[in-house]
Amino acid sequence: MDAAQLRILFVFTDLVLPLALGYYLHQKHIISNEVCNKLIRFNIIIVCTILSLLSFWVLPLSPELLWLPAFGFIYVLLPGLVGALTFARRHKNLLDRGAYLMSAMLSNIGTLGGLCAFILYNEIGFAYAQIVGTFQNILLVLLCFPLAQYYQTKHAAAQKKTRIHFNLREMFLTWNQLSVLGMLLGILLHATGIERPALLGQFFQSLVHIGAWTALLPVGYLVDFKRARLYYRRVLDLIPLRFLIVPAAIYGIARTLFTDQILLGTILILATAPTAINAVLTSRLYKLNVDLAVASFLTTTIIFLFLIFPAIFFYVQTGHSF
């Protein structure tokens with residue numbers, strides 16, 4: 001068994017196990033909804049902020065890599081735009097539509113995409129994934145959180161039959177956006193030439209796994225297969241969006257910019273990544289339709305793990321190039 005085949009165990013230890021444990025804790029009523037919400041906020045406010053600071057502190061900015069932040073934005077904006085103009089309109093309920101757009105816009109780059117890139121390309125692939133994922137997180141806090149708040153507020157106003165009122169401070173200045181400060185501080189430390197201590201580098205590697213657990217365990221807790229199955233058919237149109245339209249467009253752009261096979265392979269893996277954990281967490285945080293987001297997460301993740309990634313893994317392992 002080679003190193004790549006050995007590293008595939010991380011899909012089990014950092015993905016399957018926390019999901020299963022979260023589901024078990026819910027079924028056995030070991031933790032409460034309040035504890036689950038606190039864990040979500042701990043992941044977003046504490047873990048994501050520290051990871052953002054540490055990753056931006058050593059972020060390489062070579063001319064070629066300067067394109068990667070743009071891809072972090074494209075991964076969010078492209079499916080969001082296509083989804084908003086097409087499939088999302090079928091969802092008349094604003095909480096459903098908001099959850100659908102979160103599911104379309106947010107792909108599992110940082111956790112699952114990063115693990116799969118690590119399995120195939122070791123630390124180089126993981127580093128590329130983290131760069132892209134970091135800039136996706138910028139839009140998570142600056143665009144997706146406010147958009148989720150918009151749909152929640154608009155729905156509440158429609159229910160009460162009152163005029164819609166938005167509090168811009170609540171939409172754009174909350175603790176959920178704290179990771180942006182972590183990013184800016186990391187950039188400042190890097191720009192001033194202060195080297196990140198080696199010990200923090202080791203801590204970062206450990207925190208990646210902690211981040212996976214604190215993100216995925218609440219998702220497992222929120223999974224309700226009976227309720228989610230009501231929405232499986234309503235999220236099927238995410239399959240062509242997530243696995244055909246977005247990958248084809250993004251890979252076509254990447255081919256015109258890059259020749260590095262590891263970079264191209266990583267970009268393709270990330271372009272086919274399923275609905276993100278953060279789509280579920282955002283839906284929970286802003287009281288959108290969590291079950292619809294869970295249905296999207298389960299459907300696209302199963303397809304990715306059993307069809308898409310094995311196909312890419314076999315393609316690379318047999319010596320083919322991109």
Side-chain angles (χ1 to χ4, degrees), residues 67-91 94-114 116-117 128-129 131-151 219 231-257 264 266-283 286 288-290 292-305 307-309 312:
W67 285 106
L68 288 183
F71 279 86
F73 296 146
I74 292 172
Y75 283 130
V76 176
L77 297 175
L78 177 61
L81 182 61
V82 174
L85 294 177
T86 55
F87 310 122
R89 294 182 176 183
R90 296 190 301 107
H91 300 278
L94 292 174
L95 300 183
D96 292 354
R97 187 180 300 179
Y100 182 91
L101 282 176
M102 294 304 104
S103 300
M105 296 172 72
L106 297 171
S107 56
N108 204 338
I109 290 176
T111 304
L112 184 55
C116 292
Y128 288 154
I131 294 172
V132 176
T134 297
F135 283 90
Q136 185 196 52
N137 286 339
I138 292 177
L139 288 190
L140 168 67
V141 298
L142 294 183
L143 175 62
C144 295
F145 283 170
L147 186 61
Q149 179 70 61
Y150 167 81
Y151 279 104
V219 174
Y231 296 94
Y232 288 140
R233 291 185 178 180
R234 296 178 62 182
V235 299
L236 288 179
D237 46 31
L238 281 173
I239 295 175
L241 176 65
R242 179 63 62 200
F243 299 125
L244 291 175
I245 298 172
V246 172
I250 289 178
Y251 183 70
I253 296 171
R255 286 282 296 177
T256 66
L257 298 173
L264 283 172
T266 300
I267 286 175
L268 182 60
I269 290 172
L270 302 183
T272 59
T275 294
I277 302 147
N278 282 334
V280 178
L281 301 184
T282 302
S283 297
Y286 291 96
L288 304 177
N289 189 333
V290 176
L292 188 147
V294 168
S296 173
F297 170 79
L298 290 174
T299 301
T300 57
T301 298
I302 289 171
I303 293 173
F304 177 82
L305 287 177
L307 292 176
I308 305 299
F309 182 63
I312 297 174

So do the side chains of [X] and [Y] get within less than 4.5 Å of each other, counting heavy atoms only?
{"X": "L143", "Y": "M105", "answer": "yes"}
{"X": "Y128", "Y": "L270", "answer": "no"}
{"X": "F145", "Y": "L140", "answer": "yes"}
{"X": "M102", "Y": "N278", "answer": "no"}

Where is the tightest heavy-atom contact between [X] and [Y], given as atom of each residue plus distance?
{"X": "A129", "Y": "T266", "value": "N-CG2, 4.1 Å"}
{"X": "A271", "Y": "V246", "value": "O-CG1, 3.9 Å"}
{"X": "A293", "Y": "S103", "value": "CA-OG, 3.6 Å"}
{"X": "G98", "Y": "L288", "value": "C-CD1, 3.7 Å"}
{"X": "I269", "Y": "A117", "value": "CD1-CA, 4.2 Å"}
{"X": "L106", "Y": "C144", "value": "CD2-SG, 3.7 Å"}

Can you tell me how far apart [atom1] ([X]) and [atom2] ([Y]) are? Round to the nearest 0.5 Å.
{"X": "Q136", "Y": "L77", "atom1": "CD", "atom2": "CG", "result": "10.0 Å"}
{"X": "I308", "Y": "L268", "atom1": "CD1", "atom2": "CG", "result": "9.5 Å"}
{"X": "T272", "Y": "N108", "atom1": "OG1", "atom2": "CG", "result": "11.0 Å"}
{"X": "I253", "Y": "I267", "atom1": "CD1", "atom2": "CD1", "result": "10.0 Å"}
{"X": "L305", "Y": "C116", "atom1": "CG", "atom2": "SG", "result": "6.5 Å"}
{"X": "F297", "Y": "L112", "atom1": "CZ", "atom2": "CG", "result": "8.0 Å"}

Does [X] use its side chain to pair, donor to acceptor, with the backbone of [Y] at less than 3.5 Å?
{"X": "T300", "Y": "T275", "value": "yes"}
{"X": "T282", "Y": "A279", "value": "no"}
{"X": "S296", "Y": "L292", "value": "no"}

Q. Which pairs pass salt bridge (Lys or Arg N to Asp or Glu O under 4.0 Å) with one or both residues in residues 235-256, sequence neighbours excluded?
A.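 Of all non-adjacent pairs touching residues 235-256, those that pass salt bridge (Lys or Arg N to Asp or Glu O under 4.0 Å) are R90-D237.
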Q) So among T301, I239, T299, which one has a side chain to side chain contact (heavy atoms under 4.5 Å, CB included) with P274? A)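 The passing option is T301.
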Q) Looking at Y231, Y100, Y151, which hits side-chain hydrogen bond (donor to acceptor under 3.5 Å, both in side chains) with N289? A)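 So the option named by the test is Y231.
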Q) Would Y75 and L139 count as a side chain to side chain contact (heavy atoms under 4.5 Å, CB included) if you check the C-alpha gap in whole Å, the side-chain angles of each, and the deciding distance to 0.1 Å? A) CA-CA 10 Å; Y75 283 130; L139 288 190; over 6 Å; no
**Q.** Residues in ring pair (Phe, Tyr, Trp, His ring centres under 6.0 Å) contact with F243, at least two apart in sequence or another chain
**A.**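 Partners of F243 under the ring pair (Phe, Tyr, Trp, His ring centres under 6.0 Å) test: none.
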Q: With side chain to side chain contact (heavy atoms under 4.5 Å, CB included) as the test, would you mind laying out the steps for I109 and F71 before giving the verdict?
A: CA-CA 11 Å; I109 290 176; F71 279 86; over 6 Å; no
